[in-house]
Amino acid sequence: MKEPFEDTDFDASLKKLNSDLMWKAKQKQDLKKRIITDIEKLEFKEKNKNPILSTRIKKVSLIRKLAYSSIALIMLLGLFISSTFVSPAMAEVVSKIPFLSSIINKKSISDIISEELKEYNIDGSTITFTTKEIYITVGGTEQYYKSVKDEIEGIVKDILQSQNYDAYKIKVDRYKDMGADVPKKQIEEIEKWKKKDKEVLKALDNVKKKYNPLQLSVVSGSDFSKRTVEIEIPDTEPKSTEAIKKEVTKIIQTTTREQLPVKIKKIDMEKLDQDKRWRMILDSITEELIGKKDYKITLTGYSINPEPRIDIWVSLKSSDPDSRVHGEQIEQVLKEYLNSKEMKKMVKNDFYKINIYSKDKKKIN
């Protein structure tokens, strides 16, 4: 069970920030009076120069509008100056959440680990984001595994520290061949159906050349006898899915003597491109967001339907007094990253949304 979020420094920073940004009423009023007095003096001089000319009056009216706009501008500048130069609390609050600009063109942690461990007999390495675990399997004998386990853990730990990733756990285990426990008869059965699938795919070679499918596969569940041929083709193909289905069914029956169900699906190519881009965008930020405790992020996701959006879940509850500020700050960090020169090539002109959700599934941005 996770401990409830508690950050007294963060609370103090917010309180200090709040007090620093509150101007005294008398200061604001005095500033406003001085500006208005100057405007009235300026108008009086202009009217006395030539009270007949309407163009002068219009000019004065314009001056008045500009000057009144200056009141708002000066007050906003005062707010900005107070927060940037006077209040160290603002900088402290913002610094609680790292910025993503440093990860542009950065190698993924998976690639770095693979490169650093290439001298070892590594069977595989995976990152499970839901559990924040880096899992590495070592091949070879039991003796070899025991001799390198601690070294591998140390190398991965150093890599994570060098990247400032403090949220991931590391698990190193010996590779176990799951196939060794499978009965010989079952293996023979699997191989038999694999051979049949290859025959079907070979029979459809001309279909591949003719329609350039995005996907062509034979799909089956636990019961290998219940197989389906699934084909995905670009939506730019003028021929109807029903006509293609009949063509494919006939080829399979004639060539392999099998009667398999056929599913044809046309894919929106623009949506496919959009999906690829936003999947890559999410992949580029997930390691960072999950890997650093300051973000307090437990899960990331995306969708392009009906429009692109990024969904982020954090460990804070909506009732936590800091949850709203934290959610808005994460949104700001993500927007800065997506608006960077490098990422605009991926985002293109897509209109997108960013949703930050609390632990109790409530929107906090």
Any side-chain heavy atom of Ile310 sitting closer than 4.5 Å to one from Thr300?
no
Verify same cluster id: Leu117, Tyr135 (apolar side-chain graph, 4.5 Å):
no
After noting the C-alpha distance and the side-chain angles of Glu153 and Asp150, does the key distance pass the side-chain contact (heavy atoms from CB on, under 4.5 Å) rule?
CA-CA 5 Å; Glu153 282 182 356; Asp150 291 342; 4.1 Å; yes
What's the spacing between Leu204 CG and Ile231 CD1 if we round to 0.5 Å?
6.0 Å
Any donor-acceptor N/O pair, Asp123 side chain to Thr137 backbone, under 3.5 Å:
no
Donor-acceptor pair, Tyr337 side chain versus Ile285 backbone, under 3.5 Å?
no
Ion pair Glu189/Lys185, N-O distance below 4.0 Å:
no
Donor-acceptor check, side chain of Lys271 to backbone of Ile304, threshold 3.5 angstrom: yes or no?
yes
How far apart are the C-alpha atoms of Ile127 and Glu133, what are their side-chain angles, what is the distance that settles it, and do they pass the side-chain contact (heavy atoms from CB on, under 4.5 Å) test?
CA-CA 6 Å; Ile127 298 179; Glu133 183 179 75; over 6 Å; no
Evaluate whether atom CD of Gln215 has more than 12 neighbouring non-hydrogen atoms of other residues, nucleotides or ligands under 6.0 angstrom away.
yes
Looking at Lys226, I want to see if its NZ is surrounded by more than 12 non-hydrogen atoms of other residues, nucleotides or ligands under 6.0 Å.
no
Is any side-chain heavy atom of Tyr357 closer than 4.5 Å to one of Lys362?
no
State plainly whether one hydrophobic cluster holds both Ile267 and Leu216, where clusters connect Ile, Leu, Val, Met, Phe, Trp and Tyr through side-chain heavy atoms under 4.5 angstrom apart.
no
Shared ILVMFWY cluster between Leu338 and Tyr295, side chains joined below 4.5 angstrom?
yes
Measure the spacing between NZ of Lys194 and OG of Ser220 and express it to the nearest 0.5 Å.
10.5 Å
Find out whether Val207 and Pro213 are in side-chain contact, i.e. whether some heavy atom of one side chain is under 4.5 Å from a heavy atom of the other.
no
Counting only heavy atoms not in Lys265, do more than 12 sit closer than 6.0 Å to its NZ atom?
no
Between Lys246 and Glu242 (salt bridge meaning N to carboxylate O under 4.0 Å), is one present in this structure?
no
Considering non-hydrogen atoms only, spot the tightest contact between Asp360 and Leu316 and give its length.
OD1-O, 4.5 Å
What I'd like to find out is whether the side chain of Lys239 reaches to under 4.5 Å of the side chain of Tyr211, using heavy atoms alone.
yes
Spell out, as yes or no, whether a donor-acceptor pair under 3.5 Å connects the side chain of Tyr168 to the backbone of Glu287.
yes
As an exercise, state the distance from CD1 of Ile252 to CD of Glu247, rounded to the nearest 0.5 Å.
11.0 Å
Would you find a donor on one side and an acceptor on the other, under 3.5 Å apart, between the side chain of Lys266 and the backbone of Glu237?
yes
Compare every heavy atom of Ile170 with every heavy atom of Val156, then report the nearest pair and how far apart it is.
CG1-CD1, 3.8 Å
Check for a donor-acceptor pair, side chain of Thr228 on one end and backbone N or O of Pro261 on the other, with a separation under 3.5 Å.
no
Side-chain contact test, heavy atoms from C-beta onward, threshold under 4.5 Å: evaluate it for Thr130 versus Leu299 and give yes or no.
yes
Interatomic distance, Phe129 atom CZ to Leu289 atom CG [nearest 0.5 angstrom]:
10.0 Å
Are Asp273 and Lys348 within salt-bridge range, i.e. N to O under 4.0 Å?
yes
So how far is it from Tyr302 OH to Asn355 CG, rounded to the nearest 0.5 Å?
15.5 Å
Considering only heavy atoms from C-beta outward, does the side chain of Ile297 approach that of Ile330 to under 4.5 Å?
yes
Is it possible for you to say whether Phe351 and Leu282 belong to one hydrophobic cluster, with membership spreading through side-chain heavy-atom contacts below 4.5 Å?
no
Over all atoms of both residues, closest heavy-atom pair of Ser284 and Ile281:
OG-O, 2.6 Å
Rounded to the nearest 0.5 Å, what separation is found between the OH atom of Tyr165 and the CD1 atom of Ile290?
11.0 Å
Whether Arg277 and Asp350 form a salt bridge (side-chain N of Lys/Arg under 4.0 Å from carboxylate O of Asp/Glu) is what I want to check.
yes
Is any side-chain heavy atom of Arg227 closer than 4.5 Å to a side-chain heavy atom of Val200?
yes
Parallel, tilted or perpendicular: which describes the rings of Trp278 and Tyr352, with under 30° parallel and over 60° perpendicular?
tilted
How far apart are the C-alpha atoms of Ile354 and Lys335, what are their side-chain angles, what is the distance that settles it, and do they pass the side-chain contact (heavy atoms from CB on, under 4.5 Å) test?
CA-CA 8 Å; Ile354 297 172; Lys335 281 182 176 178; 3.8 Å; yes
Closest contact, heavy atoms only, Ile251 versus Ala203:
CG2-O, 3.3 Å
Given 3.5 Å as the limit, does a donor-acceptor pair link the side chain of Asn365 with the main chain of Ile356, or not?
yes
Lys292 and Asn164: side-chain contact (heavy atoms from CB on, under 4.5 Å), yes or no, with the steps?
CA-CA 7 Å; Lys292 293 184 177 179; Asn164 297 315; 3.9 Å; yes
Shortest non-hydrogen contact between Thr298 and Lys132, atoms and distance:
CA-CE, 4.4 Å
Please tell me whether Ile190 and Trp193 are part of a single hydrophobic cluster in this structure, the criterion being side-chain heavy atoms less than 4.5 Å apart.
yes
Greater than 12 external heavy atoms within 6.0 Å of Lys263's NZ:
no
Which heavy atom in Lys169 sits nearest to a heavy atom in Thr131, and how many Å separate them?
CE-O, 3.3 Å
Ser303 side chain vs Arg309 backbone, donor-acceptor pair below 3.5 Å:
no
Sub-4.5 Å side-chain heavy-atom contact between Asn121 and Val148
no
Is Glu188 salt-bridged to Lys192, going by a charged N under 4.0 Å from an acidic O?
no
Heavy-atom count around Lys208 NZ within 6.0 Å, excluding the residue itself: above 12?
yes
Whether Glu142 and Arg174 form a salt bridge (side-chain N of Lys/Arg under 4.0 Å from carboxylate O of Asp/Glu) is what I want to check.
yes
